[in-house]
Participant: 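Mind having a look at this structure? Questions to follow.
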Amino acid sequence: MSEFFDMGGYAAFVWPAYGIVLLVLGVLALRSVQHLRRAERELAALQALNPRRRRSRQGKGG
Amino acid sequence: MTVFWAVVRRDLLLAFRQGGGAGMAVTFFVVTVTLFPLGVGPEPNVLARIGSGVVWVSALLAALLSLDRLFQADLEDGGLDLLSLSPEPLEIIVLAKCLAHWLSTGLPLIAVAPLLGLLMGMPGAGIGGLVLAMLLGTPALSLIGAVGAGLTAGVRRGGVLLSLLVLPLYIPILIFGVSAVEAAATGLTARPHLLILAAMSLFTAVLAPLAAAAAVRLALE
Amino acid sequence: MHRFANPTRFLRIANAVLPWCVSLTAVLFVLGLGWGLFFSPPDYQQGETVRIMYVHVPAAWMGLFIYGVMAVASAVGLIWRHPLAELTAKAAAPIGAAFTFLSLVTGSLWGKPMWGTWWVWDARLTSMLILLFLYIGYIFLWDAFDDPQRAAKAAAILALVGSVNLPIIKFSVDWWNTLHQPASVVTMQGPKIDSAILWPLIVMALAFKAFFVSVLLVRIKAELAERKLRIMRLNQVARENSRLGAAQAGAES
């Protein structure tokens, strides 16, 4: 097992490479989802303020 | 076509009269090149080795300097609205402004380039190659720059953004410009490099006005 | 094409597809990472460092591929004025920049043990660095405008100019590199790719592609919500202004 983590002596290069890929992609995905959640939350709050508009939307779509 | 030459004439008058454009770009060019011996040391071998690159990079930066006013000034005083109403297509007017920019910035840079080549200890053949390469390559700098200038016209901090957008696009001109000089300096033929530079200038002369005019139309909306 | 241009229809399709995309991404990531890290053999020349290739090469592919997606979406947005295409280009840019950045960092981590230095001015590394600059300029241009419609058009023009220039830049950098190539640098055209290495590579590439589609859908949804929010806020301000105006008129009469 320690042989596996040692990566033939190249652990200092292989693991950081995988680490940074997962880190950057993870942060990107997380921030994208947060952005979507925030926008949807604000949208819902604004639509609650304007019931007239919301009703017309519900009548049309669904 | 008369509109074309009228625009060229007017921009040239403005560039040379206001003590702005042309003189400042040339001074910037000279000062930037002067910084390099101070930075890397006065060793003649080193300076001769990096001379062509230093002069070309400084020329790219100097060409950028006056670009942010290319459309911005006309946008602010409404001149661009008038030009867009003229019967000539906007592409032709953009091309005229590029020509004026090259005449007022590119040509003065080329005029002082041999002097800077001497200061950097470049050989005579290399200096000849430098002037030829700049003559063929700098029109592309004005043309590509016009696209960036159109895109950033009417934008906050447009000047910095312009440099960010345009400098990566200047890279091919830099590479072939420097290699033409190096070929000439080492006694090889610079012809292929010069031909590629000319091709790039012609290519951008066709495509850049289209993109720049689209960007200017956007700024006028 | 036109069927997907309608935002509500797009949202319906995106919402149906998204869970599948996310699951597919997760499965492919587990499969690719497991295969690349555990089950693929070390290279006889490069040893264990060859495992960096499984993230490095697909990241570089994605960096280029996403620029292509951006350019096509920009062209569609510019010519047919599809707002959805404009938002696709905007949403794709940060993902492409992230993959380009990752290809540079992992390339550097691979270069250190193989070439003995973190960075060489190799043609491919240099081209990818310039590609990253193009992405960053594009993202900055979007942010520079207050009006999203003007930003969309300006960014689209830039993306198209960039896509025309990219092959020229690539050509000149390759040419520059062969001119200045130091003799000591080992090129990466080592042994022919063995199927034991090829499979984890393909799986990782598919994992990255699925990740791109998932995050792209999320980002487009966010942009659509953002756009709707903007319109609603403008409407609300207009409504309040007219109410104030009416009240004022009533008080005056």
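To find a chain, count down the sequence lines: A is the first, B the second, and so on, and within it residues start at 1.
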Participant: Would you mind telling me which of B:L169, B:L164, B:L210 has the largest number of heavy-atom pairs within less than 4.5 Å of chain C?
Facilitator: B:L169
Participant: Under a 4.5 Å heavy-atom cut-off, does chain C meet the side chain of B:L207, its backbone, both or neither?
Facilitator: side chain
Participant: Does anything in residues 161-173 of chain C reach chain B? List residues with heavy atoms under 4.5 Å apart, or say none.
Facilitator: C:V161, C:V164, C:N165, C:I168, C:I169, C:F171, C:S172, C:V173
Participant: Taking C:I130, C:L134, C:L160, C:L78 one by one, which has the highest count of heavy-atom pairs under 4.5 Å against chain B?
Facilitator: C:I130
Participant: Just checking B:F176 against C:W175, ring centres under 6.0 Å apart?
Facilitator: yes
Participant: Chain C heavy atoms under 4.5 Å from B:A153: which part of the residue, side chain, backbone, both or neither?
Facilitator: backbone
Participant: Which atom pair, heavy atoms only, marks the closest approach of B:L218 to C:R150?
Facilitator: CD2-O, 3.5 Å
Participant: Would you check if C:Q149 and B:E221 make a side-chain contact, meaning some heavy-atom pair closer than 4.5 Å?
Facilitator: no
Participant: I'd like to know whether CZ of B:R217 has more than 12 heavy-atom contacts from other residues, nucleotides or ligands below 6.0 angstrom.
Facilitator: yes
Participant: Can you tell me if CZ on B:F28 sees more than 12 non-hydrogen neighbours from other groups inside 6.0 Å?
Facilitator: yes
Participant: Just checking C:F145: does its CZ atom have more than 12 heavy atoms from other residues, nucleotides or ligands closer to it than 6.0 angstrom?
Facilitator: yes
Participant: So which atom in B:L161 and which in C:G137 form the shortest heavy-atom distance, rounded to 0.1 Å?
Facilitator: CD1-O, 4.5 Å
